[in-house]
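Below you'll find the structure, written out as structure tokens, and then a few comments.
These numbers were taken from a predicted model, which means no experiment stands behind them. Lettering of chains follows the sequences in order, A, B, ..., and the numbering in each one begins at 1.
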Amino acid sequence: MSEPTKIRATVKGSDGEVRILIPHVMESGLRRDPSGQLLAAHYITSLILSLNGRPVIESALGTAVSANPLFAFQLQGIKVGDKLSVAWLDSKGQKGGAEASFSAA
Amino acid sequence: MHRRDFLQAFGSATALAPLVVAGLLSPGAALAVSFNRAAFDAKTAADALRLIGAASAEASRDILLKAPEVAENGAAVPIEVVSSIPGTTRLSVLIDKNPLPLALQFNFAPEAAARFQAKLRMAESSRLRVVAMAGGKHYTVFREVKVTVGGCGD
């Protein structure tokens, strides 16, 4: 988790396009290492997007989300300069996130 | 979009991350409806559907589910979901044949369009299901996706 969460937030008209990339192993707990030992589960369980400090998208994630998850969302009524923040929590209690301002597309 | 393009386009623009995290992740604090985490432990799609309250979801043509017909790499199957059902507040995705079928759920406030893109792991060829919740009712659509190399096991 050394690499930071990345956000791209752009505005077109009044639509805000958001792309989020979270470097994370997203280990499902169902895979085995070469010696046959199960690899411990370690995956993001929740993700929250906030617009100007107010939560707008909230999610619960399971083990079927790919490694280094990439998500795209659309927000409405957005202006350049509006602030978007992303926060996540994983199954080991580790947290991460990022913040960005919407810019013109 | 390819991950490489994303990285090139945005570099390390957001190194200020840790500041925003602290206050935001108290469970249930955000939007009105909380998640039933037990549904993520369900081992069959039927159980997961029951646990998210969608056992009797009604088929709908107003949910778009874009997914490849054949996915070469089950470790990262790109999907796009758009609900045109007015008042959609939640979208859930299930992969019937995964060991744990419920993949993810999103709750949307009115400022957010009921749509998203994500990449999912599929253990094998399976039915992919989306459930939209709107006005307390559940609607569903599904597609079959053929996976040539599975993404869950070894």
Side-chain angles (χ1 to χ4, degrees), chain A residues 3-9 15-16 18-21 23 26 28-34 36 45-78 83-89 95-100, chain B residues 1 3 6-7 9-25 27 29-31 33-37 39-41 75-78 80 93-95 98-113 115-123 151-154:
Chain A
E3 274 193 77
T5 300
K6 295 183 174 67
I7 305 177
R8 181 179 71 167
D15 286 338
V18 177
R19 287 184 184 269
I20 300 164
L21 174 69
M26 295 300 286
S28 66
L30 303 168
R31 298 195 317 146
R32 291 176 189 279
D33 70 12
T45 54
S46 53
L47 173 74
I48 295 177
L49 276 72
S50 297
L51 175 64
N52 299 323
R54 229 170 70 80
V56 288
I57 297 176
E58 186 184 61
S59 80
L61 306 179
T63 54
V65 175
S66 73
N68 304 314
L70 179 59
F71 298 107
F73 299 103
Q74 195 185 81
L75 302 180
Q76 296 156 343
I78 301 299
K83 288 210 178 345
L84 183 88
S85 62
V86 171
W88 55 260
L89 173 70
K95 294 176 176 183
E99 213 167 28
Chain B
M1 182 166 79
R3 176 160 186 260
F6 188 96
L7 291 172
F10 313 112
S12 54
T14 49
L16 34 98
L19 299 175
V20 301
V21 180
L24 276 175
L25 285 165
L31 304 180
V33 192
S34 61
F35 298 102
N36 179 8
R37 198 69 223 181
F40 285 89
D41 299 325
V77 181
E80 179 172 8
V93 177
L94 295 92
I95 302 166
N98 269 10
L100 301 170
L102 184 57
L104 57 80
Q105 296 189 283
F106 291 116
N107 283 347
F108 300 97
E111 298 92 328
R115 60 187 300 162
F116 68 88
Q117 294 173 43
K119 289 187 178 181
L120 303 180
R121 280 196 183 102
M122 294 184 65
C152 272
D154 42 52

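How far CG of A:Asn52 is from CD of B:Glu111: 9.5 Å, rounded to the nearest 0.5 Å. The CZ atom of B:Phe106 lies 5.0 Å from the CZ atom of A:Phe71; values are rounded to the nearest 0.5 Å. To the nearest 0.5 Å, atom CG of residue B:Leu104 and atom CG of residue A:Leu61 are 6.0 Å apart. Atoms CG and NZ, on A:Asn68 and B:Lys119 in that order, are 10.0 Å from each other to the nearest 0.5 Å. Note that CD of A:Glu58 is 5.0 Å distant from CZ of B:Phe35, once rounded to the nearest 0.5 Å.
Closest approach of A:Pro55 to B:Ala109, counting heavy atoms only: O-CB, 4.1 Å. Here the closest heavy-atom approach between residue A:Ala60 and residue B:Arg37 is recorded as CB-NH1, 3.7 Å. In this structure, B:Arg121 and A:Val65 approach most closely via the heavy-atom pair NH1-O, 3.2 Å.
With a 4.5 Å cut-off on non-hydrogen atoms, B:Phe40 touches chain A through its side chain but not through its backbone. In this structure, chain A has heavy atoms under 4.5 Å from both the backbone and the side chain of B:Leu120. Contact annotation for B:Pro110: only backbone heavy atoms (N, CA, C, O) come within less than 4.5 Å of a heavy atom of chain A.
Of the listed residues A:Pro34, A:Ser66, A:Pro69, A:Ala67, the one with more heavy-atom pairs under 4.5 angstrom with chain B than any other is A:Ser66. Chain B forms more heavy-atom pairs under 4.5 Å with one residue of A:Ser59, A:Gly77, A:Gly16 than with any other, namely A:Ser59.
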